[in-house]
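Letters go in sequence order (proteins before strands), and every chain restarts at 1.
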Amino acid sequence: MKYRSVFDIIGPVMIGPSSSHTAGAARIGSAARSLFGRKPQRVTITLYGSFAKTYRGHGTDIAIVGGLLGFDTFDERIVQSLRIAHDEGVEVTFIESDETPDHPNTARLLLEDELGTAEVVGISIGGGKMEIVELNGFELRLSGAAPALLIMHHDRYGAIAKVATVLAENKINVGYMQVSRKERGTHQALMIIETDQSVDKKVQGEIEKLEDITSLTVLS
Amino acid sequence: MEFRTIAELVELAETKELPISEVMIQKEMIAFDRSREEVVNQMAGHLDVMEKAIERGLNEEGLKSPSGLSGGDAQKIRAHIKKGGTLLSGADVLDTVSRSMSVSEVNASMGTIIATPTAGACGILPGCVFTAAERLQADREAMVRALFVSGAMGYCIANNSFISGAAGGCQAEVGSATAMTAAAVVEMAGGTPAQSAQALAIALKNMLGLVCDPVAGLVEAPCVKRNAMGGAIAMVAADMAMAGIESVIPPDEVVGAMFRIGRDMPTSLKETALGGLAATPTGKRLEKRIFGRDA
């Protein structure tokens, strides 16, 4: 079932004009910010398909930047987001791609600062819902609807079991799980776990300390 | 409290002797482990946002979208009603139309709205619920319940067909909104769950095949006027269902037809601004004016 809640249908509360091109775009920006974990200094946003063609009229650009600044879909500051980004020292560049994407409403976001980078690809699937389909070259599907752990780990037996054990000991149920790697033998894999309960700092710490775990990002 | 189709939803409501709104509220509480208060209050908050959007569109002077393609028509309808001349379709229909257009115009001007189910179709449900409440002297609770009915119907449509113009054309967007809304106002008027489902079928049948062909790709022309007419169709469909009229084709099959029609619809007529009204000489001229380039 793609749509699970009554508020997927009656909602979101949002700044117009388009649930897919404005609200969904803001949610992609906001998810990218969470995945990066902090405010970026530079962002390069590549727009594809219908996003590339109509973004100025729909405010797709300002919505993505609003999301990157941490604004929700209904935050009226979205309208001023390009100016606010400038004032806060976030450098934003837009690229209109004429490549044909798999999904008509696709955006690729490259977030950077002196500590690192994150590259996130999101699609806006309608009614304000979005999915993150790529993170740093790893394919995945992430809706942002449930709390999620994104764990970079050594591509080796037992890594998944160790994480699952920590969750089980803390009575955290796994709703959905996926494992992604670029190709076999690259030694790094990404494990994505959507949980029914939120995962607090203590549990996050336990997971980070595990052998074979490189990094942990929490999307709540 | 599980349902996937409109038939299952109606059966559940009838077996448990509950209105559709109550089935949806309880399903949401169970599925997301939330209290009734949380669920109902969130929806009541949505109703408040809808009301503010209606008031803004009807009262704010000089409301225009950034492109200049839309704004101010809701107020023209209101002024026309106030003039007191003969109204061909009647003041109730035109009240609905003015409210539906109002929300849609606020959306185009980057104002705050509730996507129902999408922003492109955001005017229909508020326009009808607020007009029906006025006619029926319904209280706030009945209006919030109507939003749950519409959400329940939209949930069935979205999971069996589509709700976005990019996926299934305008029939999926304004069509779904009109159908969901017709079902909602039937419950407000005291109709049965089965009558709500019939209103949905009658409304959606009259939207089948509608393509998504927005000028310059913007949610403005023809979207604002399609919200207006969606509101009018929803109210008439609700009255037809209340009169005991039934759709020859059952509700779920109408939704299935919408899905197949949308699947067969060419990409040029699914929000790409490559066909239909967007591809007319005037549509193309406007696109060039707004974006400074050819389509």
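Interface summary for chain B: among A:S50, A:G49, A:G57, A:P104, the most heavy-atom pairs under 4.5 angstrom belong to A:G57. Across B:I157, B:N160, B:V219, the residue that shares the most heavy-atom pairs under 4.5 angstrom with chain A is B:V219. The residue among B:A115, B:S104, B:A167, B:G217 with the most heavy atom pairs within less than 4.5 Å of chain A is B:A115. The greatest number of non-hydrogen atom pairs below 4.5 Å with chain A, out of B:T112, B:T267, B:T116, is found for B:T112. Ranked by heavy-atom pairs shorter than 4.5 Å toward chain A, the options B:L147, B:I25, B:V39 are led by B:V39.
Looking at B:L125, the atoms closer than 4.5 Å to chain A (heavy atoms on both sides) all sit in the side chain, from C-beta outward. Interface residue B:Y155: backbone and side-chain heavy atoms are both found under 4.5 Å from chain A. Using a 4.5 Å cut-off between heavy atoms, A:S20 touches chain B through its side chain atoms alone. If you measure heavy-atom distances from B:M43 to chain A, the contacts under 4.5 Å come from both the backbone and the side chain. For a residue to count as touching a neighbouring chain, one of its non-hydrogen atoms must lie under 4.5 Å from one of that chain's; by this rule B:S164 touches chain A with the side chain only. Neither the backbone nor the side chain of B:E173 has a heavy atom closer than 4.5 Å to any heavy atom of chain A. Contacts of B:S67 with chain A are absent, with no heavy-atom separation under 4.5 Å from either backbone or side chain. Looking at B:A158, the atoms closer than 4.5 Å to chain A (heavy atoms on both sides) sit in the backbone and in the side chain alike. Both the backbone and the side chain of A:V13 come within contact range of chain B, with heavy atoms under 4.5 Å apart. Contacts between B:M24 and chain A at a heavy-atom distance below 4.5 Å involve the side chain alone, from C-beta outward. Neither the backbone nor the side chain of B:V106 comes within less than 4.5 Å of any heavy atom in chain A. In this structure, the portion of A:I62 lying under 4.5 Å from any heavy atom of chain B is its side chain and not its backbone.
The neighbour count for A:D102 CG, taken as heavy atoms of other residues, nucleotides or ligands under 6.0 Å away, does not exceed 12. In the displayed structure, B:D33 atom CG is contacted under 6.0 Å by at most 12 heavy atoms of other residues, nucleotides or ligands. When the shell of 6.0 Å around CD of A:E88 is examined, it contains more than 12 heavy atoms from other residues, nucleotides or ligands. Remark: B:K225 NZ is loosely packed, at most 12 non-hydrogen atoms of other residues, nucleotides or ligands lying under 6.0 Å away. More than 12 heavy atoms of other residues, nucleotides or ligands sit less than 6.0 Å from atom CD of B:E8. Annotation for B:E38: atom CD counts as buried by contact number, over 12 foreign heavy atoms lying within 6.0 Å.
In this structure, the separation between CD on B:E287 and OG1 on A:T54 is 9.5 Å, given to the nearest 0.5 Å. Atoms CG and OG1, on B:N107 and A:T22 in that order, are 7.5 Å from each other to the nearest 0.5 Å. Rounded to the nearest 0.5 angstrom, A:R56 CZ and B:L218 CG are separated by 11.0 Å. A:R4 contributes atom CZ, which lies 4.5 Å from atom CZ of B:F32 (distance to the nearest 0.5 angstrom).
A:N105 places none of its side-chain heavy atoms less than 4.5 Å from the side chain of B:E271. Between A:I9 and B:M180 the shortest side-chain heavy-atom distance falls below 4.5 Å. Side-chain contact check for B:I163 versus A:Y3: some heavy-atom pair is nearer than 4.5 Å. Between B:I113 and A:M14 the shortest side-chain heavy-atom distance falls below 4.5 Å. Between A:F7 and B:H46 the shortest side-chain heavy-atom distance falls below 4.5 Å.
Between A:G59 and B:M110, the shortest heavy-atom contact is CA-CE, 4.2 Å. The shortest non-hydrogen separation linking B:G151 to A:V6 is CA-CG2, 3.7 Å. Counting all heavy atoms, side chain and backbone alike, A:P17 lies closest to B:A108 at CB-CA, 4.0 Å. Closest of all the heavy-atom pairs between B:I114 and A:I10 is CG2-C, 3.9 Å.
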